[in-house]
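Letters A, B, ... are given to chains in the order of the sequence lines, protein chains preceding strands, and every chain is numbered from 1.
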Protein chains: 2
Amino acid sequence: MRKSSTRRAPEFERLELYLKERGLKMTAPREMVLRAFLGLERHVSAEEIFAEARRLDASIGQATVFRTIKLLADAGLAREAYRDDGTRQFEHAYRHEHHDHLVCVSCGVIVEFVDPAIERAQETIYRAHGFESVQHHLELRGTCPACKKAGR
Amino acid sequence: MRKSSTRRAPEFERLELYLKERGLKMTAPREMVLRAFLGLERHVSAEEIFAEARRLDASIGQATVFRTIKLLADAGLAREAYRDDGTRQFEHAYRHEHHDHLVCVSCGVIVEFVDPAIERAQETIYRAHGFESVQHHLELRGTCPACKKAGR
DNA sequence: CTTTCTGCAAAGTGTTTGCAAAAAC
DNA sequence: GTTTTTGCAAACACTTTGCAGAAAG
């Protein structure tokens with residue numbers, strides 16, 4: 001007896017697997033948080049996830065959202081990223097590989113990009129200093145075309 | 001009648017000028033915070049500046065330190081920088097040009113570097129997306145040689 | 001039934017702000 | 001003297017934690 005998995009996103013299966021592996025439980029609130037996170041576009045704050053989860057289930061608690069976000073990160077579904085202005089955001093990690101960010105300081109719009117030449121140069125720098133690479137992030141801050149035109 | 005300025009670092013004059021320009025006052029606590037900041041090596045947290053300032057003058061208040069750090073940043077003496085782990089640090093900005101960071105995730109050691117090729121590639125990305133550059137920062141996180149050797 | 005999970009409220013961080021007394025100019 | 005600055009304590013924003021009852025397996 002298995003439930004229909006027709007429209008079920010693979011992210012849910014991934015979370016279930018992750019939980020089962022360590023004796024944790026799949027619950028309605030956890031499913032709700034994941035659904036909220038997946039439904040939102042990239043680069044959301046914890047607060048935005050909380051608000052969206054609340055929209056789906058008004059009884060959900062803030063602590064549960066924070067705890068679940070941590071689970072999602074551990075399960076490889078969400079990636080935590082701090083902006084250069086110190087704000088904390090989460091982006092989709094499942095089937096979204098590494099990329100860097102071009103951020104408009106005026107309207108906040110974020111463009112994702114990867115530059116192979118920069119990626120290669122970074123490896124060279126790690127090697128030159130004898131470091132083992134763990135993770136890297138380049139953030140370009142500037143003014144986007146629309147804001148420039150609007151004189152912002 | 002002018003006071004001797006023999007050993008006076010140019011940073012103090014800069015701060016005095018900045019304050020005078022906007023009708024603000026040079027005070028002992030402000031001088032102490034600047035002295036604490038200058039005396040510490042790069043990449044210090046507000047708390048470290050506070051501790052050091054307290055060492056120089058036990059009566060100084062936390063709020064004064066935070067307020068003065070902001071002044072130093074506005075005056076171009078300090079640069080605020082958020083690490084990819086969300087911690088906030090300050091580094092010397094006076095006569096220290098832009099650079100990127102190679103950070104050891106184990107011991108915290110920070111190596112500063114500039115790669116002309118990467119800098120050029122960044123400009124190309126700004127242009128390709130029609131953005132006007134404001135500021136950019138690359139952070140490479142990894143394990144330094146010493147920590148690697150120690151198996152950390 | 002046993003263990004994990006939940007929501008709540010309280011506690012923690014790190015930083016900012018309101019205020020009356022003190023210092024700068 | 002007038003204005004800015006100070007230290008203190010309270011307020012703040014964001015996040016984590018303790019707990020007793022609820023839910024999962």
Side-chain angles (χ1 to χ4, degrees), chain A residues 1-3 12 15-37 44-51 53-75 78 80-83 85-90, chain B residues 1-3 12 15-37 43-75 78 80-83 85-90:
Chain A
M1 210 187 322
R2 58 183 177 71
K3 56 186 141 179
F12 288 94
L15 179 57
E16 251 162 17
L17 180 64
Y18 172 88
L19 293 173
K20 187 161 291 175
E21 276 174 4
R22 43 209 84 197
L24 304 179
K25 297 167 180 176
M26 179 50 113
T27 65
R30 284 178 178 167
E31 210 171 315
M32 228 45 92
V33 172
L34 176 53
R35 196 183 298 178
F37 176 59
V44 285
S45 63
E47 194 187 10
E48 287 169 297
I49 298 175
F50 177 46
R54 264 258 152 110
R55 241 177 33 80
L56 300 179
D57 169 0
S59 75
I60 207 163
Q62 183 159 247
T64 300
V65 171
F66 274 97
R67 286 186 278 233
T68 304
I69 289 175
K70 194 164 290 174
L71 284 178
L72 297 184
D74 289 347
E80 182 187 56
Y82 284 92
R83 287 281 97 80
D85 63 3
T87 58
R88 186 197 200 188
Q89 302 202 322
F90 300 91
Chain B
M1 207 186 325
R2 58 186 177 72
K3 54 188 140 178
F12 288 93
L15 179 59
E16 250 161 18
L17 181 64
Y18 172 87
L19 294 173
K20 187 161 294 177
E21 276 173 3
R22 42 209 86 200
L24 304 179
K25 295 167 181 178
M26 179 49 114
T27 66
R30 285 178 177 167
E31 209 170 315
M32 228 44 92
V33 172
L34 177 53
R35 196 184 297 177
F37 175 60
H43 307 114
V44 285
S45 63
E47 193 188 10
E48 286 170 296
I49 298 174
F50 177 45
E52 179 67 9
R54 263 258 153 110
R55 242 178 32 81
L56 300 178
D57 169 0
S59 74
I60 207 163
Q62 183 160 247
T64 301
V65 172
F66 274 96
R67 287 187 277 233
T68 305
I69 289 174
K70 194 164 291 173
L71 283 178
L72 298 184
D74 289 346
E80 182 186 57
Y82 284 91
R83 287 280 97 79
D85 63 4
T87 59
R88 186 197 201 186
Q89 302 202 321
F90 299 91

Take the protein atom [atom1] of [X] and the nucleotide atom [atom2] of [N], then report the distance between them rounded to whole Å.
X        : N       : atom1 : atom2 : answer
Met26(B) : dT5(D)  : CE    : P     : 12 Å
Phe90(A) : dC14(D) : CZ    : P     : 13 Å
Asp85(A) : dA13(D) : CG    : C1'   : 15 Å
Tyr82(B) : dC14(D) : OH    : P     : 12 Å

Rounded to the nearest 0.5 Å, how far apart are [atom1] of [X] and [atom2] of [Y]?
X        : Y        : atom1 : atom2 : result
Met26(B) : Leu34(B) : CE    : CG    : 7.0 Å
Arg30(A) : Lys25(A) : CZ    : NZ    : 9.5 Å
Leu72(A) : Ile49(A) : CG    : CD1   : 7.5 Å

If I compare all heavy atoms of [X] with all of [Y], which pair ends up nearest, and what's the gap?
X        : Y        : result
Ala53(B) : Val65(B) : CB-CG2, 4.4 Å
Pro29(B) : Ile60(B) : O-CD1, 3.7 Å
Gly61(A) : Phe50(A) : C-CE1, 3.8 Å

Next item on the list: Would you list the pairs meeting salt bridge (Lys or Arg N to Asp or Glu O under 4.0 Å) in which at least one residue belongs to residues 54-66 of chain B, sequence neighbours left out?
Entry: Glu52(B)-Arg55(B)

Check: Does Arg88(A) make a cation-pi contact with Phe90(A), if we ask for NZ or CZ under 6.0 Å from the ring centre and within 45° of the axis?
Finding: no

Check: With sequence neighbours excluded, what pairs up with Arg35(B) under the side-chain hydrogen bond (donor to acceptor under 3.5 Å, both in side chains) test?
Finding: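 Checked Arg35(B) against side-chain hydrogen bond (donor to acceptor under 3.5 Å, both in side chains); zero matches.
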
Notebook entry, point to check: Can you list, by residue number, the residues of residues 43-55 of chain B that have a non-hydrogen atom closer than 4.0 angstrom to DNA chain C?
Noted result: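 Those residues whose heavy atoms fall under 4.0 Å from DNA chain C, taken from residues 43-55 of chain B in numerical order, are Ala46(B).
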
Next item on the list: Taking only heavy atoms on the protein side, list every residue of residues 63-72 of chain A lying under 4.0 Å from any atom of DNA chain D, sorted numerically.
Entry: Ala63(A), Phe66(A), Arg67(A), Lys70(A)

Checklist line | Given DNA chain C, 5'-ward residue of the pair Lys25(B) and Ile60(A), judged by closest heavy atom | finding: Ile60(A)

Check: Can you list the residues that meet the salt bridge (charged side-chain N to carboxylate O under 4.0 Å, His left out) rule with Arg67(B), with sequence neighbours excluded?
Finding: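 None.
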
Checklist line | Where chain A begins and ends its contact with DNA chain C, read 5' to 3' at 4.0 Å from heavy atoms | finding: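 Footprint of chain A along DNA chain C, 5' to 3': dT3(C) to dC8(C).
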
Item checked: Side-chain heavy atoms of Arg83(B) within contact of Tyr82(A), under 4.5 Å ->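 Answer no - side chains too far apart.
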
